[in-house]
Amino acid sequence: MGRLNPFSRASGLTESTQRTWLQRSFAMSVISSLHRRAGLILFVQIIIWTISGFYFSWQGREALTANQYYHTLPAAPLAGMSNYATPDIHLARLGDVRSVSITLIDGIPRLEAEYVPALERGHETHPQTRNIYGNAVAWFDGETGHRWHTSAITAQRLAVDSYTGSGMFNGIKDIPRSDAFPSWAGPGFEVHFADKLNTKVFIDQASGIVLGHRNDPWEIADWMYRLHFMDYSGHRNFNNLLIITTGLVSVWFVLTGIMMLLRVWWQGAFVARASLPYNNALRSKQIPREASASEPETDNQPAKAEPKS
Amino acid sequence: MRFKALKNRKIHRWLTLLFGIQLIIWSITGAAMVIMQLPYIHGDHLVKQADQPISNFQLLDKIPELSFSFPNITEVRLVNRYLSGVFQHAFVVSDNAGSYLLNAETLSVISPEEEDIRALAVRFYNAPSSNPGADIAEVSLLSEEAPRELSIQHLPAWRVEFADNRGTTLYLGRDTGDLLTKRHNSWRVFDFMWMLHIMDYDERSDITKWWLQFFSIMTLLIAISGITLLVQKLLVRPWRRLWGD
């Protein structure tokens with residue numbers, strides 16, 4: 001690009017036709033054009049990024065996860081269980097079981113078995129029940145020894161236990177799955193509370209796990225997520241091709257912007273007040289020799305013009 | 001119109017000069033973070049299963065006895081874990097104070113030693129194909145202070161560093177030998193970028209800092225002034241050229 005100096009503008013222009021293709025590519029007109037074209041592609045998304053980013057910051061993590069009225073009760077001691085039966089046969093049928101844990105869910109012992117799934121046996125596990133080792137999970141009732149099955153009454157109690165708001169219980173319905181939890185395969189329950197946020201609590205039927213809360217402000221946050229990450233399916237795919245491509249274009253956009261800024265800075269565009277002593281050289285009709293780029297710098301002479309008093 | 005364009009250009013330049021640095025940081029960190037695949041950043045490839053299959057489910061019949069002997073326990077987990085040089089069944093028991101190990105046969109407390117942790121870490125560690133013989137570089141016990149990359153709620157814990165080019169570090173529970181979390185250099189880079197992106201330079205988790213909101217508004221103004229320039233360049237000027245205004 002050579003020296004970009006406001007005082008060498010005339011000499012720079014005379015040789016424009018003799019530049020190599022590389023020099024022409026880095027010419028400011030090309031960079032400006034690239035910046036404008038990238039801006040044309042990006043301008044809607046940049047506004048979306050800033051607005052959605054501001055919304056995330058303004059709302060905070062609690063509102064974004066719909067946890068305004070969410071809390072977790074301390075786990076109940078196992079000493080409180082009345083009956084217990086180990087589902088030995090069911091566990092043995094799972095095959096390669098790596099861990100079995102027991103907790104109390106609504107006063108009933110629930111066993112959670114993590115196992116390496118044997119696909120030929122026809123065990124169906126949902127993707128969200130796999131851990132990092134690819135283990136599947138199965139749940140059993142520690143009172144009956146059978147597979148765990150959350151009843152509507154238990155689901156209602158679990159939902160009320162997870163809720164700290166002032167709203168009253170306002171109904172429960174069976175749901176096969178829900179868009180509010182895209183990676184959850186269902187089925188389960190949706191429990192409604194009559195509060196100003198219109199809170200809904202989601203419970204998984206196969207495990208009795210409280211999946212989480214959802215409410216009206218979360219609907220806005222969900223769309224902000226979709227727009228921010230350009231994942232319009234709502235599956236929270238952070239690494240989709242569209243966002244990666246747009247991210248790269250945005251880097252191109254800011255880099256060309258930086259180059260343009262450096263150019264106009266060097267040209268003296270950022271002059272706050274002409275009366276400042278710093279700007280004496282710019283106001284002066286006589287251009288100091290030291291500041292001219294056409295003049296080769298010597299070792300003894302500073303390149304910048306000294307401000308005159 | 002020309003005057004307006006000049007004014008907008010000046011506003012755009014000044015706003016970008018003063019507040020554009022964060023837009024640059026957001027663009028670069030944002031692009032880098034979406035390119036890095038999340039499972040990779042989480043380090044799922046760093047570890048493999050260390051516990052063996054459970055061969056004796058009758059041990060679960062001891063749960064009522066266990067809950068009678070230890071009335072405060074809230075969760076019991078049966079595992080087949082490598083302890084004291086052999087695989088043995090053990091209960092990982094949790095109460096409000098924390099978690100610890102019990103021998104599943106005798107219900108006596110097991111306290112893993114450093115050698116047990118080393119042996120477990122090697123079994124958890126999934127060595128890279130480029131460096132299959134990577135060994136443990138350093139093991140240290142964290143009791144009071146956690147490094148930035150480990151939540152303080154995991155303490156006390158063992159930190160096991162491996163001598164590989166990924167900078168793999170595994171954190172294991174002091175009293176259970178459970179794998180608490182895993183970290184590597186890419187995670188650390190990602191975490192640094194996340195810090196720059198959300199502008200929380202201390203805890204790296206608070207997204208509600210006022211300066212983040214301030215820079216968001218300034219960036220929006222930069223974008224609006226830039227769009228105005230684009231409109232002037234792409235619409236107004238050709239319109240005037242067409243109609244000879």
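Reminder, nothing fancy here: chain letters follow the sequence lines and each chain counts from 1.
Neither the backbone nor the side chain of B:L59 comes within contact range of chain A; no heavy atoms are under 4.5 Å apart. Looking at B:Y40, neither its backbone nor its side chain comes within 4.5 Å of chain A, counting heavy atoms on both sides. B:K62 does not touch chain A: none of its heavy atoms, backbone or side chain, sits under 4.5 Å away. Using a 4.5 Å cut-off between heavy atoms, B:I35 contacts chain A through both its backbone and its side chain.
A donor-acceptor pair under 3.5 Å is formed between the side chain of A:N239 and the backbone N or O of B:M36. For B:E75 (side chain) and A:S101 (main-chain N/O), no donor-acceptor pair under 3.5 Å exists by modelled atom type. Looking only at distances, a side-chain donor or acceptor of A:R98 sits under 3.5 Å from a matching main-chain atom of B:D51.
Nearest approach of A:T86 to B:F57, heavy atoms of both residues: CG2-O, 3.9 Å. Taking both residues in full, the closest heavy atoms of A:S57 and B:K209 are given as OG-O, 3.8 Å, listed atom of the first, atom of the second, then distance.
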Going through the checks in order, is the side-chain contact (heavy atoms from CB on, under 4.5 Å) test met by B:I54 and A:Y115? CA-CA 10 Å; B:I54 296 167; A:Y115 64 101; over 6 Å; no
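Among the candidates A:P74, A:A85, A:A75, A:G53, the residue making the largest number of heavy-atom pairs closer than 4.5 Å to chain B is A:A75.
A heavy-atom distance below 4.5 Å is not found between the side chains of B:I227 and A:I46. Annotation: side chain of B:I222 is not in contact with side chain of A:T50 (no heavy-atom distance under 4.5 Å).
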